[in-house]
Number of protein chains: 2
Amino acid sequence: MNGRLAILPHYATITDVARAAGVSVRTVSRVLNKSPKVGEETRRTIEGVIANLGFQPSLRARGLAARRSFLLGVVQGYQNAHVVGVLQHGIVEVCSGAGYELLVHPVSVQDPRLADNLRDFVRRTHVDALVVLPPVSEIAAIPRLLARLSVPSVGIAAVRDPAYPAMLVTAERDAASMVADHFVSLGHRRIAMVTGPMKFYSASEREQGFRIALERADILLPPSYVREGNYSFESGLAAAIGLLSLPDRPTAIFAGNDIMAAAVLKVARDLKIDVPDKLSIAGFDDSDIASMLSPAITTIRRPLIEIAREATRRAITLVEGDAHSLPDHHIALSLIVRQSTAPLGN
Amino acid sequence: MNGRLAILPHYATITDVARAAGVSVRTVSRVLNKSPKVGEETRRTIEGVIANLGFQPSLRARGLAARRSFLLGVVQGYQNAHVVGVLQHGIVEVCSGAGYELLVHPVSVQDPRLADNLRDFVRRTHVDALVVLPPVSEIAAIPRLLARLSVPSVGIAAVRDPAYPAMLVTAERDAASMVADHFVSLGHRRIAMVTGPMKFYSASEREQGFRIALERADILLPPSYVREGNYSFESGLAAAIGLLSLPDRPTAIFAGNDIMAAAVLKVARDLKIDVPDKLSIAGFDDSDIASMLSPAITTIRRPLIEIAREATRRAITLVEGDAHSLPDHHIALSLIVRQSTAPLGN
DNA sequence: CTGAAAGCGCTTACAG
DNA sequence: CTGAAAGCGCTTACAG
């Protein structure tokens with residue numbers, strides 16, 4: 001059935017190295033695992049042979065023997081390819097530095113068989129740890145399942161869940177408050193919001209942070225000024241049309257992500273409402289599009305690369321150290337002011 | 001050093017299944033590998049036990065024994081997170097269906113040690129096959145290295161390279177011709193282009209396709225009307241400023257990707273040049289941003305998901321079938337006309 | 001149609 | 001500081 005098997009390349013094995021160096025396999029293994037109990041000269045000889053042969057220990061053989069796979073998994077949703085792409089790069093970077101490889105496992109938040117799917121993935125691959133990205137990280141069953149399977153996991157989310165052995169908590173509520181303060185400081189009073197899907201913490205945290213900061217400034221966010229979107233451009237269009245055709249239309253709109261902010265900008269342009277003279281717009285994510293629109297969009301930046309690196313470091317610490325859990329790590333976000341927000345025009 | 005090893009979960013193994021089913025390990029293995037030589041009743045018993053125990057065969061043990069890893073790798077560059085993200089989803093989808101997992105391996109096109117890096121990756125992980133995305137796929141050394149390592153690879157690129165056992169060739173030259181024809185049909189004669197980095201085939205193919213189609217319409221693309229960018233927004237800004245401050249400025253501009261098209265749009269707006277009344281703009285990629293700008297950008301769509309799926313199917317065919325190479329697969333692209341292009345205003 | 005044995009390439013107690 | 005043996009969880013000829 002597979003004629004190629006016959007001509008598979010015979011990569012150098014640990015046995016080849018041992019023979020060439022005139023030592024036992026055990027000693028080569030010690031060098032690979034940086035055991036201190038190897039003579040300096042022996043070590044140097046072996047390292048020379050390894051370099052010569054271009055020997056790379058087989059991860060699966062190491063894994064089988066050592067009960068470690070040297071594989072990390074990233075569990076991600078299907079939305080927001082840009083955010084996922086950037087996070088992945090940060091994760092892979094730290095993985096490579098530490099001798100791990102990265103397996104991607106996209107799942108659908110709606111999938112009723114998600115738990116089984118994830119369990120089978122863990123059993124098949126024996127990943128050493130998982131990094132769970134938002135919004136999948138918010139599904140309460142996931143960290144609990146992973147705990148039962150004894151696989152360390154690091155969650156990245158806007159709200160802490162004690163079921164994760166380690167978490168990176170992004171201060172999205174505070175960030176949304178910063179947007180509100182920014183609008184208020186520009187003199188706006190009629191302020192509205194397009195939220196993400198309120199079933200996600202990311203959306204409800206942003207909404208609450210925004211609302212609370214406005215209340216501190218004695219500004220109400222009436223129901224007619226709050227529209228729920230689902231983070232898509234289309235939902236942003238619908239929400240914006242609703243808000244901007246109100247008799248008493250807002251002078252500032254905060255969208256729960258940049259994509260919906262782009263939609264608000266488009267609707268404003270179609271309605272000949274000048275941005276930022278007649279309408280200020282802010283988004284969330286600092287995705288590439290925010291700076292490519294004109295006017296460029298004021299937004300909230302999450303330090304994605306740093307988040308990814310830190311999450312991965314923690315995952316590896318959980319695998320290699322002897323702590324079963326790590327304290328939460330809080331990530332502060334920052335407001336990036338661009339041309340889409342301005343003082344309220346007379 | 002690692003206290004947790006002691007409490008590692010004992011996932012069910014093939015031995016557990018064999019014992020519970022009262023058969024030999026060999027027979028369970030036959031069921032796992034869908035061998036026809038198993039009695040119907042025996043098979044059913046074993047399948048029942050497997051479901052009961054939630055048994056999942058360990059990929060690494062299978063791999064070690066069968067000289068297969070059930071791992072596919074995707075080699076990707078660092079740019080264009082959106083395109084990479086979409087392609088990855090298509091790849092994973094087909095992988096899962098066929099029992100493979102996906103390992104991501106980002107590399108830098110500039111890295112002088114790229115070949116060694118990739119070789120070590122292949123030796124460590126024993127991936128069964130690789131899918132190589134553009135622009136990494138254009139580096140001539142890569143398919144040749146992979147051939148020496150006897151690992152099947154599928155390249156995705158704008159130009160065929162016979163060193164790949166299988167290729168998906170995207171008809172980017174033809175697509176660029178379609179943009180030129182579109183401009184011409186709208187009455188434009190002063191037509192310019194912002195190219196990608198000309199060291200990449202993706203960029204030179206687009207440039208040539210565009211130029212050739214214009215020549216067919218007796219329109220010249222003078223040197224002053226061609227600016228080289230590097231696919232980034234900033235490079236697009238610089239190119240657009242150059243083109244739009246020309247005494248005889250163009251009435252239509254084709255940008256080598258949507259990001260640079262967005263930059264052209266921004267510069268036009270800053271210079272109060274109405275799009276599309278005074279200037280038509282087209283991009284390439286149909287990335288999410290193309291439809292989010294206003295006016296929405298006319299662009300070329302690559303069927304990314306279908307490309308990813310087809311590449312993965314071919315990779316798996318190379319692994320499981322007995323063909324050492326497959327005929328090239330050509331992918332036609334399509335022109336998506338939106339609001340950024342219009343008949344030449346008087 | 002089914003099974004006992006060897007082996008994939010490593011690591012890990014156990015000796016020395 | 002170094003080595004011979006067993007074993008990780010599977011598959012693969014080889015027998016029957």
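Here is the naming used below: chain letters follow the sequence lines, and residue numbers restart at 1 for every chain.
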If I take atom [atom1] in residue [X] and atom [atom2] in nucleotide [N], what distance separates them, rounded to the nearest angstrom?
| X | N | atom1 | atom2 | answer |
| --- | --- | --- | --- | --- |
| B:I46 | C:dG3 | CD1 | P | 8 Å |
| B:L32 | D:dT12 | CG | P | 11 Å |
| A:R60 | C:dT11 | CZ | P | 14 Å |
| B:L59 | C:dC8 | CG | C1' | 15 Å |
| B:R19 | D:dG9 | CZ | P | 11 Å |
| B:E40 | C:dT2 | CD | C1' | 16 Å |
| B:E41 | C:dT2 | CD | P | 9 Å |
| A:F55 | C:dG9 | CZ | P | 10 Å |

[X] side-chain proximity, nearest of [options]:
| X | options | answer |
| --- | --- | --- |
| A:A65 | D:dT11, C:dG3, C:dG9 | C:dG9 |
| A:A66 | C:dA4, C:dT11, D:dT2 | C:dT11 |
| B:S24 | D:dT11, D:dT2, C:dG3 | C:dG3 |
| B:V38 | D:dG9, C:dT2, C:dT11 | C:dT2 |
| A:R62 | D:dC10, C:dC10, D:dT11 | C:dC10 |

Using side chain to side chain contact (heavy atoms under 4.5 Å, CB included), reason through A:H105 and A:Q76 one step at a time and then give a plain yes or no.
CA-CA 6 Å; A:H105 193 65; A:Q76 60 194 40; over 6 Å; no

Report yes if a side-chain nitrogen or oxygen of [X] is closer than 4.0 Å to either non-bridging phosphate oxygen (OP1 or OP2) of [N]; otherwise report no.
| X | N | answer |
| --- | --- | --- |
| B:T27 | C:dG3 | yes |
| A:T42 | D:dT2 | yes |
| A:S29 | C:dT12 | no |
| B:T13 | D:dG9 | no |

Name the atoms and distances for all side-chain donor-acceptor pairs under 3.5 Å in residues 121-132 of chain A, with sequence neighbours left out.
from	atom 1	to	atom 2	distance (Å)
A:R123	NH1	B:G54	O	2.7
A:R124	NE	B:E101	OE2	2.8
A:R124	NH2	B:E101	OE2	2.7
A:T125	OG1	A:F121	O	2.7
A:T125	OG1	A:V127	N	3.4
A:H126	NE2	A:R123	O	3.1
A:D128	OD1	A:S69	N	2.9
A:D128	OD1	A:S69	OG	3.3
A:D128	OD2	A:S69	N	3.3
A:D128	OD2	A:F70	N	2.7

[X] side chain vs [Y] backbone, donor-acceptor pair below 3.5 Å:
| X | Y | answer |
| --- | --- | --- |
| A:R67 | A:G63 | no |
| A:T42 | A:V38 | no |
| B:N117 | B:R113 | no |

What are the atom names and distances for every N/O pair under 3.5 Å that joins the protein to nucleotides 13-16 of chain C?
from	atom 1	to	atom 2	distance (Å)
C:dA13	N6	A:R26	NE	3.2

Write down the atom of [X], the atom of [Y], and the distance for their closest heavy-atom approach.
| X | Y | answer |
| --- | --- | --- |
| A:V136 | A:G77 | CG2-N, 3.5 Å |
| B:A166 | B:L326 | CB-CB, 4.0 Å |
| B:S29 | B:I14 | N-CD1, 3.9 Å |

Result for 5'-nearest mapping on DNA chain C, choosing between B:A61 and B:V23, is B:V23

Below 4.0 angstrom, N of the basic side chain to O of the carboxylate: do B:R44 and B:E41 qualify?
no

Using a heavy-atom cut-off of under 4.0 Å over every strand shown, decide if A:F70 touches base, sugar-phosphate, or nothing.
nothing

Report yes or no: do A:R314 and A:Y164 form a side-chain donor-acceptor pair below 3.5 Å?
no

Taking Watson-Crick (N1-N3 plus N6-O4 or O6-N4) and G-U wobble (N1-O2, O6-N3), each under 3.5 Å, can you produce the dot-bracket string of DNA chain D? Use [ ] for crossing pairs and | for inter-strand ones.
|||.||||||||.|||

